[in-house]
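See structure below.
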Amino acid sequence: MRLYADELCREKESPAHREAATDRLLDHYGATAIAADSHLLHGARPLPRFADRAAALAWLDAEHPNLFAAVLAAPALNRPRAQLALYGPLSAYLAFRRRLGDNADLAEAAIRTVRGSRDPALRGLETPLLTELGNALRELRRFDEALDAHRKALKRSRGDRVAEAGALSNLGLTYEQMRRPAEAVDVLEEALAVCPDGAAPRLRGMIHANLGLALQALRRLPEAADALRTDIAICRSLDDRPGEAVSLNNLGLVLRDQGRHAESAQTFRTALDLAREVDDRFTAALAQANLTLATALAADPAGGGPDVDAIGGALSALDTMGDAHMVAQVRVDLGPVLLRSGQPAEAVAVLTAALETAREQHDPRTQALALANLGLAREELGDDEAAVRDDTEAVRLFHEIGERFLEARALVNLGLLLRRTGPADAACRAFADAAETFRELGDQEAEDRARRLLAQAREQGGHRSTR
């Protein structure tokens, strides 16, 4: 049908008419995308083309394939400005809906256009395009390419303090997601120092949010919570509900790491409500999964099992988005939820799937997390030999990637298992290594527990403490 329509158009319409029709189409898409984008971007004045944010998102969802095709077609139609005018407002939508591959493809196409142009105005757009490309590549876990894009953006931003702070923030977040949190903290603290006071409050909030993630990875949990609360306060002052939902979800993770399970559950619940309100399906799925696990951890075991269906719904939503990495992450959390609901065989199946995905993606951290939970599930099923093997491999992987806290926690689990199954000296070594690691990390409570378990293992032989 398309080819036939094109044939008729060429037979019956003049070149001038065809060119005018192309202009009208691209102008329509560009103007409407700008109007839709005004409902997505914080601080933008919503344009009257759409009644509200929901209507703008509905149009973008429906027209996404055509918008994507128009951006790619514009340069071949000798309309480079139309390409850039259309991609600009489309990029925020693509990031929001997690259309990461599309965003990377369009950013790369736009960068090729500006680099091939002699127009200074077009060439000046390369820096924000590099930022969009770097953000998309980071979320696709193409980290080396993301670093390259953000470093180029940073180099081009020197002299503009707001742009430089933004580039540093993106670079720091990339380091954090690469599990290089110490470097991330250094870069993000530099971003805060560079960012002008009062000139860009939302950017300052985002830097604090990224800093919170890096501090959490370093187990500097009170500082991480403070950083995230700073961003939440800024979001609320600016009525940035999508940003608030993201930081509330991340704050819930910090509270969970602090053992404040009831408080973390309430924080996840608030994040979930906000994410649903603004139709942020990705954040809603993460918050739902986190809420289910936090509720399970906080619940009285006699008070009924956790809501497995809820976390299953989150898993389905992420799977639909094509985010294999986050699907594996949620499966890692679903394992303990299934265990607490009395379904160890189902937990093994889910965690095995997570482990396979993590291996395919060369993600040792998620492999180790899946193995640690697999050890618990297989022990519940009475397969002690496999449980010891899984726990031992989890310890090895955590040690290999420098995740010392998680390594120590896995050592405690291994020690508990070995204390029951033997040999006793291996259990003692596991507890001793865990206690020393907790001591070096400054976690007194965890160290004390590990030393109590060590003393019990020495004194009681085959008796085993409750986990």
Side-chain angles (χ1 to χ4, degrees), residues 97-104 136-146 174 176-180 213 217 249-250 253 281-293 296 306 308-341 343-378 380-381 383 386-387 389-403 406-407 409-410 413:
R97 280 291 192 243
R98 304 285 295 178
R99 300 185 185 275
L100 306 173
D102 286 355
N103 207 5
L137 292 171
R138 181 186 64 239
E139 296 304 311
L140 287 167
R141 304 186 65 77
R142 292 162 56 182
F143 291 128
D144 289 341
E145 296 168 84
T174 304
E176 188 278 325
Q177 293 194 9
M178 295 175 74
R179 311 308 298 177
R180 294 161 63 176
L213 298 176
N249 181 63
N250 291 331
L253 294 173
R281 300 165 190 172
F282 179 73
T283 301
L286 297 186
Q288 179 65 78
N290 291 332
L291 172 60
T292 305
L293 180 57
V308 176
D309 290 342
I311 198 169
L315 185 63
S316 296
L318 291 167
D319 196 28
T320 299
M321 295 176 205
D323 195 327
H325 173 70
M326 291 312 305
V327 165
Q329 297 287 303
V330 172
R331 281 181 173 145
V332 166
D333 286 346
L334 177 54
V337 172
L338 289 166
L339 269 179
R340 284 178 173 261
S341 65
Q343 303 178 65
E346 291 81 355
V348 167
V350 165
L351 290 165
T352 300
L355 180 60
E356 290 172 355
T357 299
R359 283 172 173 162
E360 290 169 2
Q361 296 188 332
H362 307 288
D363 179 358
R365 185 175 189 272
T366 303
Q367 289 178 54
L369 290 168
L371 285 162
N373 287 340
L374 265 172
L376 296 173
R378 285 186 166 133
E380 194 75 20
L381 289 171
D383 191 352
R389 185 172 62 249
D390 290 337
D391 282 352
T392 302
E393 180 65 6
V395 169
R396 185 191 70 79
L397 284 171
F398 283 134
H399 180 78
E400 187 177 278
I401 61 178
E403 287 278 6
L406 295 175
E407 177 190 356
R409 195 167 68 178
N413 283 340

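Heavy atoms only: backbone and side chains are in, while hydrogens, waters and symmetry mates are out. Quantities reported herein were computed from a predicted structural model and do not represent experimental measurements.
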**Asked** Has the side chain of N373 got a donor or acceptor atom that lies under 3.5 Å from a matching backbone atom of V332?
**Response** yes

**Request:** Ignoring hydrogens and angles, tell me if any N or O in the side chain of R378 forms a donor-acceptor pair with the backbone of A386 under 3.5 Å.
**Result:** no

**Prompt:** Would one find more than 12 heavy atoms of other residues, nucleotides or ligands at under 6.0 Å from atom CZ of R409?
**Reply:** no

**Enclosure of H399 NE2 (heavy-atom neighbours >12, cutoff 6.0 Å)** = no

Taking side chain as C-beta onward, heavy atoms only, is [X] less than 4.5 Å from [Y]?
X	Y	value
Q177	E139	yes
E380	L339	yes
N250	L253	yes
P336	L293	yes
F282	M326	yes
D391	L371	no
F143	L137	no

**Message:** Apply side-chain contact (heavy atoms from CB on, under 4.5 Å) to residues R179 and E176 and explain how you reach the verdict.
**Reply:** CA-CA 5 Å; R179 311 308 298 177; E176 188 278 325; 3.7 Å; yes

**Message:** Please evaluate residues R331 and L315 with respect to the criterion side-chain contact (heavy atoms from CB on, under 4.5 Å), reporting the C-alpha separation (whole Å), side-chain torsions for both, the decisive distance (0.1 Å), and the verdict.
**Reply:** CA-CA 7 Å; R331 281 181 173 145; L315 185 63; 3.7 Å; yes

Looking only at heavy atoms, what is the nearest atom pair of [X] and [Y], with distance?
X	Y	result
A354	A328	CB-O, 3.6 Å
P344	L381	CG-CD2, 3.7 Å
A377	L351	CB-CD1, 4.5 Å
A104	L140	CB-CD1, 4.1 Å
A285	A317	CB-CB, 4.1 Å

How many angstroms lie between [atom1] in [X] and [atom2] in [Y], if you round to the nearest 0.5 Å?
X	Y	atom1	atom2	value
R98	T320	CZ	OG1	14.0 Å
L338	I311	CG	CD1	8.0 Å
L369	L374	CG	CG	11.0 Å
L376	N413	CG	CG	5.0 Å
R340	T292	CZ	OG1	13.0 Å
E145	T174	CD	OG1	12.0 Å

**Request:** Please assess D363 against Q329 for the test side-chain contact (heavy atoms from CB on, under 4.5 Å), listing each intermediate value before the final yes or no.
**Result:** CA-CA 11 Å; D363 179 358; Q329 297 287 303; 4.2 Å; yes

**Prompt:** Is a side-chain donor-acceptor pair under 3.5 Å present for Q367 with E393?
**Reply:** no

**Prompt:** Any Lys/Arg nitrogen of R396 or E407 sitting under 4.0 Å from an Asp/Glu carboxylate oxygen of the other?
**Reply:** no

**Request:** Identify whether the distance between the nearest side-chain nitrogen and carboxylate oxygen of E356 and R359 falls below 4.0 Å.
**Result:** no

**Message:** Between H325 and T366, is the side-chain contact (heavy atoms from CB on, under 4.5 Å) condition met? List the steps.
**Reply:** CA-CA 9 Å; H325 173 70; T366 303; 4.0 Å; yes

